[in-house]
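Scroll down for the structure; my scribbles are underneath it.
Positions are given from 1 along the sequence.
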Amino acid sequence: MEKIIQIFKTRDLRNKILFIAAMLAVFRFAAAIPIPGIDLMKLKEFFQNNQFFGLLNIFTGGGLDNFSLVMLGVGPYITASIIMQLLTIIFPKLKEMYYGEGEVGRMKFNQISRCLTIPLAIIQTFAFLTLFKQQGIIATLDLLTTLSTVSMVTAGTMFLVWLGELMTEKQIGNGVSLLIFAGIVARIPTVIQQTVIVWDPAKVPVYLGFLIVAVIVVGGVVFINEAERLIPLSYAKRVRGFKLYGGASTYLPLRINQAGVIPIIFALSILLFPGMIGNFLTLFGNPNLTQIGNSLVNLFQNQLLYAILYFFFVFAFTYFYTAVTFDPKEISTNIQKQGGFIPGIRPGYSTAEFLSRILNRITLFGGISLGIIAILPLILRYFTGARALTIGGTALLIVVSVVMEIIKQVKAQLSMREYE
């Protein structure tokens with residue numbers, strides 16, 4: 001309570017939190033505005049009976065099941081960001097732009113990601129329109145309706161990207177993660193209401209199992225996010241004039257999970273994409289394309305394969321994103337410039353190699369732990385047959401990670417003001 005009171009007493013921090021709350025309210029308002037020409041009853045029934053699109057609906061903040069202006073959420077932007085990060089491995093100029101040109105280079109890189117978001121949003125919107133027409137959810141789909149709907153939904157996606165960047169600038173959580181978080185939390189009352197309506201005393205063990213998994217996931221995410229490996233640092237003594245500087249000892253904290261919740265979001269984006277392509281291919285009259293589409297859809301309906309791929313992508317993206325955000329060579333150079341060194345390790349290349357080796361080891365543990373936490377609900381669903389557990393576990397994982405990140409950043413800003 002003291003921290004909360006202190007937050008609202010600090011004018012700058014209070015204004016930042018109120019601004020973010022206002023932006024999230026705008027997002028929820030936009031998610032409640034449906035595009036005309038849709039049979040909402042058939043649409044909701046379609047999402048209730050389809051696990052794949054039900055999971056996709058969770059990460060658009062419930063915008064899909066009422067065909068709102070922001071029905072795609074920030075999905076196209078996440079996909080564009082993944083593509084751009086992968087292209088840095090292929091094209092050295094992109095990597096130089098992102099790492100070598102400082103803040104200006106990152107701004108150019110982000111601008112390219114925004115531009116790539118537009119064609120991805122257009123393609124995804126058209127795919128959904130074609131699918132809904134095939135399912136009888138849309139009565140008519142002429143050229144004018146298609147163009148207007150695609151334009152509105154694409155504009156809605158770019159609007160959310162803009163909102164997310166505005167929230168990121170306030171340095172209280174990542175804007176994209178906050179939008180996904182708001183969409184998940186906004187659906188909690190609906191989930192509780194549905195659970196009460198379909199309450200079955202015979203499924204009490206299933207509900208208890210879900211609660212146990214929820215507690216395990218929360219505890220695991222908190223443990224992994226808080227765990228650190230402390231690397232000892234020593235600074236040489238320096239004499240300037242008649243004064244002695246340096247000579248202090250401190251620690252370089254390396255987080256077990258440097259990537260946070262980003263690997264989960266990336267992994268789900270990758271896993272959802274083939275199923276979407278498969279559903280889109282089944283709409284064509286060509287028998288070969290239909291067969292390929294059905295094969296893709298059936299492939300990802302296999303829960304064992306889905307769990308294996310989910311674990312693999314979470315693990316791989318943990319390593320990938322850690323490599324993108326943490327550069328041992330740069331850290332080693334900064335330590336050397338400040339007159340610091342790791343006891344027993346030579347400054348420069350040896351320090352960078354030592355940090356890289358330690359980072360690979362702790363990221364191995366972090367990636368495996370994050371992957372296990374991600375597939376725990378899938379394992380429980382396999383034994384219980386409860387369909388909602390997969391969605392609930394993944395959503396819980398993201399919610400806890402985002403809340404932990406917000407708490408850390410708010411505490412950091414409070415500490416900075418207390419120091420001042």
Return the CD1 to CD1 distance between Ile123 and Ile118, rounded to the nearest 0.5 Å.
12.0 Å
Nearest heavy-atom neighbours spanning Ser68 and Ile35
O-CD1, 3.8 Å
Does Arg255 pair with Glu226 as a salt bridge, N-O distance under 4.0 Å?
no
Evaluate whether atom CZ of Phe313 has more than 12 neighbouring non-hydrogen atoms of other residues, nucleotides or ligands under 6.0 angstrom away.
yes
Is Tyr77 close to Leu160 at the side-chain level, that is, under 4.5 Å between some pair of heavy atoms?
no
For the atom pair OG (Ser81) and CD1 (Ile112), what is the distance rounded to the nearest 0.5 Å?
12.0 Å
Is the closest side-chain heavy-atom distance between Thr145 and Leu129 below 4.5 Å?
no
For Lys108 versus Met97, what's the shortest heavy-atom pair and its separation?
CB-SD, 3.8 Å
Do Thr363 and Ile256 have side-chain heavy atoms sitting under 4.5 Å apart?
no
To the nearest 0.5 Å, what is the distance between CD1 on Ile362 and CG on Leu254?
4.5 Å
Greater than 12 external heavy atoms within 6.0 Å of Arg14's CZ:
yes
Non-hydrogen atoms of Ala307 and Ile375 that approach each other most closely:
O-CG2, 3.6 Å
Looking at every non-hydrogen atom in both residues, tell me the closest pair between Thr168 and Asn174 and how far apart they are.
OG1-C, 3.9 Å
Any heavy-atom pair between the side chains of Val403 and Phe181 that's under 4.5 Å?
yes
Find the distance between NZ (Lys170) and CG (Leu18) and round it off to the nearest 0.5 Å.
11.0 Å
Within the distance-only criterion (no hydrogens, no angle test), does the side chain of Tyr319 pair as donor or acceptor with the backbone N or O of Asn360 below 3.5 angstrom?
yes
Would you give the length of the straight line joining atom OG1 of Thr79 to atom CE of Met84, rounded to the nearest 0.5 angstrom?
13.5 Å
Heavy-atom distance under 4.5 Å between the side chains of Leu24 and Leu179, does that happen here?
yes
Can you check side chain to side chain contact (heavy atoms under 4.5 Å, CB included) on Gln124 and Thr157, steps first, answer last?
CA-CA 11 Å; Gln124 290 185 25; Thr157 296; over 6 Å; no
As a quick check of understanding, evaluate side chain to side chain contact (heavy atoms under 4.5 Å, CB included) for Met23 and Phe19, giving each step before the final call.
CA-CA 6 Å; Met23 293 301 99; Phe19 177 82; 3.7 Å; yes
Please work out whether the ring planes of Trp162 and Phe159 are parallel, tilted or perpendicular, with thresholds of 30° and 60°.
tilted
Any side-chain heavy-atom pair from Ile335 and Pro347 closer than 4.5 angstrom?
no
Test side chain to side chain contact (heavy atoms under 4.5 Å, CB included) applied to Ile231 and Tyr251, step by step
CA-CA 5 Å; Ile231 306 297; Tyr251 292 95; over 6 Å; no
Shortest non-hydrogen contact from Phe311 toward Ile368
CE1-O, 3.7 Å
Shortest non-hydrogen contact from Leu355 to Ser332?
CD1-N, 4.4 Å
Do Met71 and Phe128 pass the side chain to side chain contact (heavy atoms under 4.5 Å, CB included) test, and can you show the C-alpha distance, the side-chain angles, and the key distance before you say yes or no?
CA-CA 10 Å; Met71 56 176 282; Phe128 274 117; 3.9 Å; yes
Between Glu165 and Arg114, is any pair of side-chain heavy atoms under 4.5 Å apart?
yes
Measure the spacing between OG1 of Thr154 and CG of Leu69 and express it to the nearest 0.5 Å.
11.5 Å
A side-chain contact here means heavy atoms from C-beta on lying under 4.5 Å apart; do Arg346 and Thr351 qualify?
no
